[in-house]
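First the structure, in the form of structure tokens, and then the observations on it.
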Amino acid sequence: MMKKHISELLTQLTLEEKASLCSGADFWHTKAVERLGIPSVMMCDGPHGLRKQEGEGDHMGINKSIETVCYPTASALAASFDCEVLERLGEALGDECQAEDVGMLLGPGLNMKRSPLCGRNFEYFSEDPYLAGKLATSYIKSLQGKGIGACVKHFAANNQETHRMSGSSNMDDRTLYEIYLPAFEEAVKEGKARSVMCAYNGINGTFCSENKELLTGILRNKWGFEGFVVTDWGAGKDPAKGIAAGLDLIMPGGYDVQSKQILAAIEIGELDEADLDAAVGNMLQFALDYKENRKQGSVIEREKCAELSAQLAAQCAVLLKNDEVLPLSESAKAAFIGDFAKAPRYQGSGSSYINTSHVISALEAAEDKNITYAQGYHAKSTLSDEELVKEAVTAAKAADVAVVFAGLPNDFETEGIDRDTLDLPANQNILIEAVAAVQPNTIVVLHGGAPMALPWIDKVKGVLCMYLGGQGVGEATVKLLYGEENPSGKLAETWPIKLSDNPSYLNFPGEDGIVEYREGIYIGYRYYDKKEMEVLFPFGYGLSYTKFQYSDLKLNKDSMADNELLTVSCKVKNTGEHTGKEVVQLYVRDEESSVGRPIRELKGFTKVALAPGEEKEVTFQLDKRSFAYYEPKIHDWFVESGMFRIEIGASSRDIRLASPIEVQGSIEIPFHYTVLSPVGTLKKTAKGRALMEKLLQSTTGSQPEQTDSLGEGSAKMMEVMMLEMPLGSLAGFGAISMEQLEEMITMLNS
Ligand code: BGC
């Protein structure tokens, strides 16, 4: 329902004005209607900083934006598994947007990390939609709490860069609803995201910007979205078709072609004026909200923001390996090796690129330590430089410990281009092997927004992954290496052993712009677990300098209806010697299901800080959705009655506690019986089950005694054959008459 003041404003606009409000004023602004007090609003890229272009706009990070603070990218933030980290970031960015008079930040990016190769993986959170949705919601709520709109992107199924502007992501409904939509759903329903950016690509052949099912059926009707839908920059195709489908704003603006097309479509009756009014109404509401929430004269202290950036980066690091080599002692003579020690990689390229000159390298941050430095490789090349390797080997030999800073170079991770390998540049692998050969205490610090292949993993003692941690990544790294901070991040994505293990491997990046998502719901750990495959590091994995013990798993009931809530609690104790934080993960496992389901799915997580010896209780609440799968037959989430298992783990492959729970589904999937329906389908409905019981009772006793003439197992065979028989054969075999059969089927379907 449109608000009254919006309806009134609409009556004061001419048709031309209305048509023009559906596209931007320029690259970054919406249009104003000054005579009605409707302001123009600036939207800027983020989401791990503010990319405000004061000069000429462009959307690939080519022209400079104002100098500001670069925070950890989504790839790092997700590894924090910490909603508080996202809240602090959202708040800081909200303040900054107020200070810079920006009304909307274009982010966060909620696409799934389907393949480790996606060039924009550094901008996305996870392979798990639940985790991505929860983290994004914390960010959105705190950003919007400051009066700044969040624009979740790229809606939907934009999981690669190849053919991103023209391709189609093709998949079945279960895959769409269970994997590629839930993070958006959470951001809209729970986070109340002010805006949604529709993706360039299509889904099953219909461009997202013209996809009525997506933009209206799902987004508005199913999820109750009340904000506005903006195209990704340049994703608008036919504006009239878009508006009829639920699109509100076409960006970038500055051209009058879209308005003309809209007017022409109205004139020939191809676009309903009511649809145009709905879009304009959404834009007016956004402009008025901006005006109301504007805090004139806001200022921010960039130094404090820089400190925050480094603090957050420390919460995101994942300790992948530690054979008692970390933390380093202050007195240890350490050789810092690698170009990235001097010039770290801390963000990716493209539209999210943040302009900052305050990047602190690990080398600078470790000034007060006992450090030597050797470059080891050229970050801009993949070719090994013998002299640099020699120098590095000499430095490594002369030290107590070698720390090699490695990772993906800039041009491996950028908007618009996918990677074609999991490998690090050859020069880095050669260097690490050479250093590890002379220095038993070798540690590798990794920078990059997605999984990498680590062929030398068995030859080094420690691996610390910083992902793309923002401008403070150097400071954070040094604090973590020397134990001033304790690593507490966990992987938000599985690291496969090799690229071909990845479930999307055979269908990435598709052919002729068509990407078949043939792996279906089995992405990330959902696949690796089901296939019982070895992985390099599992989802949810990450080490700490301390140890945690899990105990006392409690469920407040052992059976429940799916419309009830389940409370789960357990205790976690720090049994080591360092203060630390543990990410407690809750997975749900469907023990008996008539449809294919992953072994386990993340349905809860919490991060708990513990001093040595300290113990805390953590609690989770589970609802219907925690047990449900998307059932295309009813176009809704569905819980199939049966046994489930609640698992509490330190990772998806380190389950520490488990307990069964029986869940009773509250709805039944309608089933239409015919004479051809197998007898076994009677189990699908309550009426069918009652009838089956009756039939069994009436036939027991009248059956001739089983002989073993059909061999051992004949009873089982008979049962299975009976269940496979069509209902019609009950009459065929004379168990009931034709009339009884007809009556029975009518009764079942009534
Ligand atoms: C990107 C969006 C970005 C927009 C504006 C597009 O190329 O896909 O994420 O918000 O440009 O810069």
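Atoms within each ligand, like the ligands themselves, are counted from 1 in listed order. Both backbone and side-chain heavy atoms feed into the values below; hydrogens, waters and symmetry mates do not.
Close approach to H154 involves these atoms of ligand 1, each under 4.0 Å from a residue heavy atom: 2 (C), 8 (O), 9 (O). With ligand atoms numbered from 1 in the order given, ligand 1 contributes 2 (C), 3 (C), 9 (O), 10 (O) to contacts under 4.0 Å with heavy atoms of K153. For ligand 1, the atoms lying closer than 4.0 Å to a non-hydrogen atom of E415 are 1 (C), 6 (C), 7 (O), 8 (O). Near Y200, meaning under 4.0 Å from any of its heavy atoms, are these atoms of ligand 1: 6 (C), 7 (O), 8 (O).
Not a single heavy atom of E123 sits closer than 4.0 Å to an atom of ligand 1. Residue contacts with ligand 1: W28 is included, with a non-hydrogen atom under 4.0 Å away. The closest approach between a heavy atom of M197 and any atom of ligand 1 is below 4.0 Å.
Residue contacts with ligand 1, taken as heavy atom pairs separated by less than 4.0 Å, do not involve M251 at all. Residue contacts with ligand 1 for E161 are absent, since no atom lies close enough (heavy atoms, distance under 4.0 Å). With a 4.0 Å heavy-atom cut-off, ligand 1 is reached by no atom of M165.
N502 places a side-chain heavy atom less than 4.5 Å from the side chain of P116. Considering only heavy atoms from C-beta on, L131 stays 4.5 Å or farther from F125 through its side chain. Looking only at side-chain heavy atoms (C-beta outward), P239 and C22 stay at 4.5 Å or farther from each other. Annotation: side chain of K141 is in contact with side chain of E190 (closest heavy-atom distance under 4.5 Å).
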Trace of the ring pair (Phe, Tyr, Trp, His ring centres under 6.0 Å) decision for Y527 with Y522: CA-CA 4 Å; Y527 173 79; Y522 296 105; 7.5 Å; no
Stepwise side chain to side chain contact (heavy atoms under 4.5 Å, CB included) check, R51 with N355: CA-CA 7 Å; R51 192 170 82 90; N355 176 14; over 6 Å; no
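Across T231, N158, D45, L105, heavy-atom proximity to atom 3 (C) of ligand 1 is greatest for D45.
Atom CD in E123 sits 11.0 Å away from atom NZ in K113 (nearest 0.5 Å).
A salt bridge links D45 with K153: the distance from a Lys NZ or Arg NE/NH1/NH2 to an Asp or Glu carboxylate oxygen falls below 4.0 Å.
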